[in-house]
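This structure is a prediction, so every number in the text was calculated from the model and none was measured. In what follows, chains are A, B, ... by sequence order, proteins preceding strands, each numbered from 1.
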Amino acid sequence: MNLLRTIQNQFRAALVGLVPDVEPYVAMIKPTQDAKHGDYQANCAMSLAKALGKKPRDIAQDIVKRLDLSDLLEPPEIAGPGFINLRLKSTWLAKQVQAIANDDRLGVALQPAKRYVIDYSSPNVAKPLHVGHLRSTIIGDALTRLLRFLGHTVITDNHLGDWGTQFGILLYGYKNLLDNEAYKKDPVRELARVYIEVRKLIGSDDEDNAANSVADACRAETAKLHHGDPENNRLWREFMPHCLAEIHEVYEKLGILTFDHEHGESFYNPLLPGVVESLLQTKTAEPGEGGAIIVRFSDDNVALVRKRDGAFTYTTSDLATIQYRLNEFAPNAVLYVVDFRQSQHFANLFAAARRWGIAAVELTHISFGSVLNRDGRPISTRKGDGSELIDLINKAVEIGLQKYQESYAERKAQGHDVPDLTEAVQRDIAETVGIGAIKYADLCQNRTSDYKFDYDKMLATEGNTATYMQYAYARNRSILRKENIDPMTLRNNPPSVAIDTPPERALAIQLLRLEESLLAAVAEYQPSAVTAYLWDLAKTYSGFFQNCPVLRAESGALKQSRLLLCDLTARVLQKCLNLLGIKTVDRM
RNA sequence: GCCCCCGUAGCUCAGCUGGAUAGAGCAGCGGAUUUCUAAUCCGCCGGUCGCAGGUUCGAGUCCUGCCGGGGGUACCA
């Protein structure tokens, strides 16, 4: 069910014959910002006025006359310079709501399937996950869930940084600082400890440029690894599973989907000489200064694909990755969820790929802004400022628990009927609320904006937060629980829906807008379209909850109708949250 | 130097290929509780949309210039 598309179809039919290409004008139909202008508005008459050399209001008149209202629309109103205000018929809305009551997909149609490869999270192995990996992971996970729900095939690939200088650090630490007993007992923890110790010895945040003997020794270990030193390569293979285990543990805690593939840089390493050769052959690349190989885009914009010393760069590796993915997965699109600072790299990468002959595949950099601390500065990756991801998660959960307990005490003191929950259940709620809060705070932002990581704000119970959605959901579930109502009975035999009051009508429309919002989210790769929808839905539901008694409705039929609206609301809330990777709780 | 992004209410941000009087949340102020969970709801207050031009019937949105902030810019990824 797609309200917008349904209305647009009616308009398309009405516009055919007026102008050669109707699509731009069909696209000028959108939801109204103000309910007093109806549900949707068509703004095409003003634009058509110029093309047709007539008065906009006359054209609006004309369109309305040609429009088949069917049982869909009330007679439209023409307002202002030529706006056509559209109001859906309540009887039609009621029927649509009833029709999706028993639909697992909640009225959302499967879209023509495409194949996507999506590259996200992509941490540097051997370093603890820190806050900088948060957005890519959360956004990528949400987009994967959204695309899959809409019927697409999504191949997820975690492009690990598993061949970089951090392994030099690990190798040096292993050889010089290892506690053997500890390593045997808990290799993940010991390697993490050793890594941090060496980082302290290096002293600089920028391990590549640090100048001291330990830094030099680490670089030497990296070089040995890259040049095929058997010992270092053996150790690399020994470390990798441990490093991955550490990362997977955090993913699991966060509730991130399992990746289909985790092909890191090391996987592509053997392919790089061939890639450069091919780049040269196809004249994609050319020799640069001092024996380097470059792809030149303009006088002052070049991408290096082979350094003077013969080593390859991430551009080379990324080109090899594109080629591999095309051969292996034959996707329609490859998406990269990587922060905005790599915009130029991706612009160059895609340009190089096109020149290399890669066509007919969408290549998109899904860029996002930085996570800032309270002072508005990017959160440093330096150890000790609490930026390790696992610490942030634990703290959010802790605050979630605290908030629950405060709220419980407060409600109890006011004499409210609050369920007494076991400690284990309380912890579950805190996990769901805390982790949901982190994810929601991230996703509800326009992804291109920076945002401040602020526990108070993300765990607030008011406003556009996960907690507010969780609460709306829990309150809703409580209604059915109160009278032991089985939702399946309601769904299998849906009652007719009454939408006689404004809150019921508003809720019905909102419920039917699910597909519209999911498609908008996917079209722009913008999960915040879903949170915006959730926020609207939750507020609309609040109005309904406040003004339309369900269990004490005036009649049995009305009660059934409202129960159905309730149940559907809960399912849509839950579905949207789940599509964002957020779990729900039935009580809180 | 060159390129990219951003600048909207005291704060944090929306603003959907230009559309009606620029919207939310927080904070502030004032209300609602014999409750289907008040982790809630309702009302009020609050903006020369960085500045100046231009295009248009119509500009927060598009174009140009300037100011301010951030990022990138051949051997890190």
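Between A:Lys439 and A:Asp442, no side-chain nitrogen of the basic residue sits less than 4.0 Å from a carboxylate oxygen of the acidic one, so the salt-bridge criterion is not met. The pair A:Asp567-A:Arg477 counts as a salt bridge, with a side-chain nitrogen and a carboxylate oxygen less than 4.0 angstrom apart. In summary, A:Asp309 and A:Lys307 do not engage in a salt bridge, as defined by a charged side-chain N under 4.0 Å from a carboxylate O.
Put simply, the side chain of A:Gln344 reaches to within 4.5 Å of the side chain of A:Asn301, judged on heavy atoms. You'll find the side chain of A:Phe83 reaches within 4.5 Å of the side chain of A:Asn43, heavy atoms only.
The residue A:Ser343 sits apart from the nucleic acid: no heavy atom pair falls under 4.0 Å. Looking at heavy-atom distances under 4.0 Å, A:Tyr408 makes no contact with the nucleic acid at all. Using a 4.0 Å heavy-atom criterion, one finds that A:Asp456 contacts no nucleic acid atom at all. In this structure, A:Phe453 reaches neither bases nor backbone, as no heavy-atom distance under 4.0 Å exists between it and the strands shown. Among the protein residues, A:Cys548 comes within range of the nucleic acid bases, having at least one heavy atom under 4.0 Å from a base atom.
Between B:rU37, B:rU40, B:rA74, one nucleotide has an atom nearer to the side chain of A:Glu289 than all others, and that is B:rA74. Distances from the side chain of A:Arg308 to the nucleotides B:rU37, B:rC75, B:rG71 place B:rC75 closest. Relative to the side chain of A:Val302, the nucleotides B:rA77, B:rA39, B:rA74 differ in distance, and B:rA74 lies closest. The side chain of A:Tyr468 lies closest to B:rU40, out of B:rU40, B:rU37, B:rA77. When the nucleotides B:rA74, B:rC41, B:rA39 are ranked by their closest atom to the side chain of A:Ile294, B:rA74 comes out on top. Comparing B:rA14, B:rA77, B:rU37 against the side chain of A:Ile479 picks out B:rU37 as the nearest. Among the nucleotides B:rU37, B:rA74, B:rA77, the one closest to the side chain of A:Gln342 is B:rA77.
If you run side chain to side chain contact (heavy atoms under 4.5 Å, CB included) between A:Leu129 and each of A:Leu134, A:Ile247, A:Asn124, only A:Ile247 comes through. For the side chain to side chain contact (heavy atoms under 4.5 Å, CB included) test with A:Leu3, the passing option among A:Leu512, A:Asp39, A:Leu514 is A:Leu512; the others fail.
Between A:Lys403 and the phosphate of B:rA39, there is no side-chain N or O to OP1/OP2 separation shorter than 4.0 Å. Considering only side-chain N and O atoms, A:Arg411 lies under 4.0 angstrom from the phosphate OP1 or OP2 of B:rA39. Contact check, A:Asn547 against B:rC41: no side-chain N or O comes under 4.0 Å of OP1 or OP2. Within the 4.0 Å cut-off from OP1 or OP2 of B:rU40, at least one side-chain nitrogen or oxygen of A:Thr461 is found. Put simply, A:Ser449 has a side-chain N or O that comes within less than 4.0 Å of OP1 or OP2 on B:rA14.
For RNA chain B, the stems formed by at least three consecutive Watson-Crick or G-U pairs, with both atom-pair distances below 3.5 Å, span B:1-7 with B:67-73, B:10-13 with B:23-26, B:28-32 with B:40-44, B:50-54 with B:62-66.
Atom NE2 in A:His365 sits about 16 Å away from atom P in B:rG71, given to the nearest Å.
Mapping A:Asn476 and A:Arg341 onto RNA chain B by nearest heavy atom places A:Asn476 at the nucleotide closer to the 5' end.
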Query raised in the report: For A:Cys566 and A:Tyr541, what are the C-alpha separation, side-chain angles and deciding distance, and is it a side chain to side chain contact (heavy atoms under 4.5 Å, CB included)?
Result: CA-CA 8 Å; A:Cys566 262; A:Tyr541 175 68; 3.8 Å; yes
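Within a 6.0 Å radius of NZ in A:Lys412, more than 12 heavy atoms belonging to other residues, nucleotides or ligands are found.
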Report task. Assign a letter to each nucleotide of nucleotides 16-29 of chain B from its 5' end: B, base within under 4.0 Å of a protein heavy atom; S, sugar-phosphate only; -, no contact. Result -> BB-BBB--SSS---
